[in-house]
Amino acid sequence: MPTSYDSLGAGQIARLVRDGEVSAREVAQAALDAVSARDGDVHAFLQVTPELALAAADRVDAARAAGEQLAPLAGVPVAFKDNMHLVGTRTTCGSRMLEGYESVFTATCVQRMLDAGCLPLGKLNMDEFAFGSSTESSYFGKTCNPHDLGRVPGGSSGGSAAAVAAGMLPLTLGSDTGGSIRQPASFCGVVGLKPTYGMVSRYGVVAFGSSLDQVGPFGRTVDDVALAMNALAGRDPRDCTSQRWDVDFCEHLHDGVEGMRIGIVDAMNHAQGVDPEVESAIDAAAQALCAAGAQVVDVELPHAPEAISAYYVLAPCEAFSNLARFDGVRYGYRYEGARDLSEMTSMSRAIGFGPEVKRRIMLGAYLLSSGVYDKYYYPAQQVRALITQDYRDAFERCDAILMPASPRTAFAFGEMSNPTQMYLSDMFTISINIAGNAGVTVPVGVGADSGLPVGAQLVGPAFADDRLLRVAATLQDAYGAAPVARAFSGKGGELR
Ligand code: GLN
């Protein structure tokens, strides 16, 4: 939005629209202008949808003119990771396989944001099929970190984090299977919540690892994330894992942490591979929570170091099965020169999928083959049970656990050329998907060496996400809301 608007949060925009200080159309236009001016540099968007945004804005303005009560997020621009279906848009998952694929239905999470009055601005870039931590693997080109255009925004929801960080709009949705909301939020200096598994419907979100995937919001403040959760959370008959939820995320958000116990896992926070600037930022965040009245207690998660190994068995197995549908027959890229069905399917997949997707599919196929299955898949499930129990035990002793969201700040493009090195960047996030509980990234300033945003991660027990956000809000009060990043030239560029 033009500079006067771009630092406004969702709550502030909704209030201005409700009070008639500004029309929803003006807000939509301002956000579209901000995307035009900035996304040439950042490339967060895969598709911009002015017609959808302006039509939604006109509906809000007409409702207001008719004296109707406006929905809580009426007039707030939003955009969606490109693995979420929305009729009237393409849903590509950042893959050649789905290039030009038009959504034929709308995901529940998307619909709920629209029902809450949001204005859909478009679809956001991501690692191909959400496999990755840098958004470099998108078939449609990389997204740049708005704090430093030579660095990655994180991933796989890199477009969702970057668009918010660059002040193009106040809210976006992403998905998180092993860290894809929390790690890019950390790299881009914004707030990102992975809710408890079952809090938000997965219906209409292209599946990666069905037992791990969860949708969540990005915002520049915890308050905006809480507002989005009020729209998103709850039972959806179309996702049998989704749960009923009637709690208002905003009601006790600013009640503070007096008397709460914050768990610290010393062995994890100071583990090998964690940058000193991240270690000291997290230590300072612990002190800030103490100063606000919380008590810090030591807890242990003895099996958490095995989470990455377990994840890279379980997630590829689930992905192998979920991606079997992209066969060139029903939808997706089709190789036209084949002599028979088998050649058509294999060539379609060989050309339609990029290297990381193929690596995961082959890994999943191998791990699920007879003889191999017993050696890896079962033990990985056993590790999953142990990690889940670790968290249960830890939450007997504390209300939330504080740890880094990522062992380091945003890395440069191409710096992580070895896939296993990239996999390690999720060392703090993956165990939370494995256990199913909630995690939120909150910006806690910039690293002393890199000058780039550092994110603290707060982990909470299952279905206590509202209380977790309360701790996050306290941390935000100590550090202030995330500033809009301004490394882009603002000269504009080509939009898609
Ligand atoms: N980086 C992790 C992976 O590549 C997590 C991705 C995600 O959460 N979607 O699997």
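Heavy-atom basis, side chains included; hydrogens, waters and symmetry copies ignored. Each ligand, and each atom within it, is numbered from 1 in the order the structure gives. By convention here, the first residue in the shown sequence is residue 1.
Of all the heavy atoms of Thr177, the ones lying under 4.0 Å from any atom of ligand 1 are found in both the backbone and the side chain. Within the 4.0 Å heavy-atom criterion, neither part of Gln214 lies near ligand 1.
The single protein non-hydrogen atom nearest to atom 1 (N) of ligand 1 is Asp426 OD2, 2.5 Å, given as residue, atom name and distance.
Of the possible polar contacts, none joining the Asp224 side chain to the Gly219 backbone as a donor-acceptor pair under 3.5 Å is found. The backbone N or O of Ser134 lies less than 3.5 Å from a partner atom in the side chain of Asp127, making a donor-acceptor pair. Within the 3.5 Å criterion, the main-chain N or O of Phe45 finds no donor-acceptor partner in the side chain of Lys123. Between the side chain of Gln214 and the main chain of Val200, a donor-acceptor pair closer than 3.5 Å is present.
For ligand 1, the atoms closer than 4.0 angstrom to any heavy atom of Phe131 are 4 (O). Close approach of ligand 1 to Gly179 is summarised as follows: ligand atoms under 4.0 Å from at least one heavy atom of the residue are 8 (O). Each of the atoms 9 (N) of ligand 1 lies under 4.0 Å from some heavy atom of Ser156. Contact atoms of ligand 1 toward Asp176: 8 (O) (distance under 4.0 Å to a heavy atom of the residue). In the vicinity of Ala130, heavy-atom distances shorter than 4.0 Å reach the ligand 1 atoms 6 (C), 7 (C), 9 (N).
Using cut-offs of 30° and 60° on the angle between ring planes, the pair Tyr378 and Tyr373 is perpendicular.
Annotation: cation-pi pair Arg96/Tyr333 present, NZ/CZ under 6.0 Å from the ring centroid and within 45° of its normal.
Closest heavy-atom approach to atom 8 (O) of ligand 1 among the candidates Gly209, Gly178, Ala315: Gly178. Comparing Tyr311, Tyr312, Tyr423 by heavy-atom distance to atom 5 (C) of ligand 1, the nearest is Tyr311. Of the listed options Gly154, Ser134, Pro184, Ser180, Ser180 places a heavy atom closest to atom 7 (C) of ligand 1.
Looking at ligand 1, you'll find an N or O of Gly132 within less than 3.5 Å of one of its N or O atoms. In terms of polar-atom proximity, defined here as any N/O pair under 3.5 Å, Ser133 does make such a contact with ligand 1.
Under the 3.5 Å distance criterion, with hydrogens and angles disregarded, no donor-acceptor pair is assigned to the side chains of Thr108 and Arg238.
A centroid separation of 6.0 Å or more is found between the aromatic rings of Tyr311 and Tyr423.
Remark: distances from the non-hydrogen atoms of Met422 to ligand 1 are all 4.0 Å or more.
Looking at Asp176, Thr429, Asp426 one by one, the single match for side chain to side chain donor-acceptor pair (under 3.5 Å) with Arg182 turns out to be Asp176.
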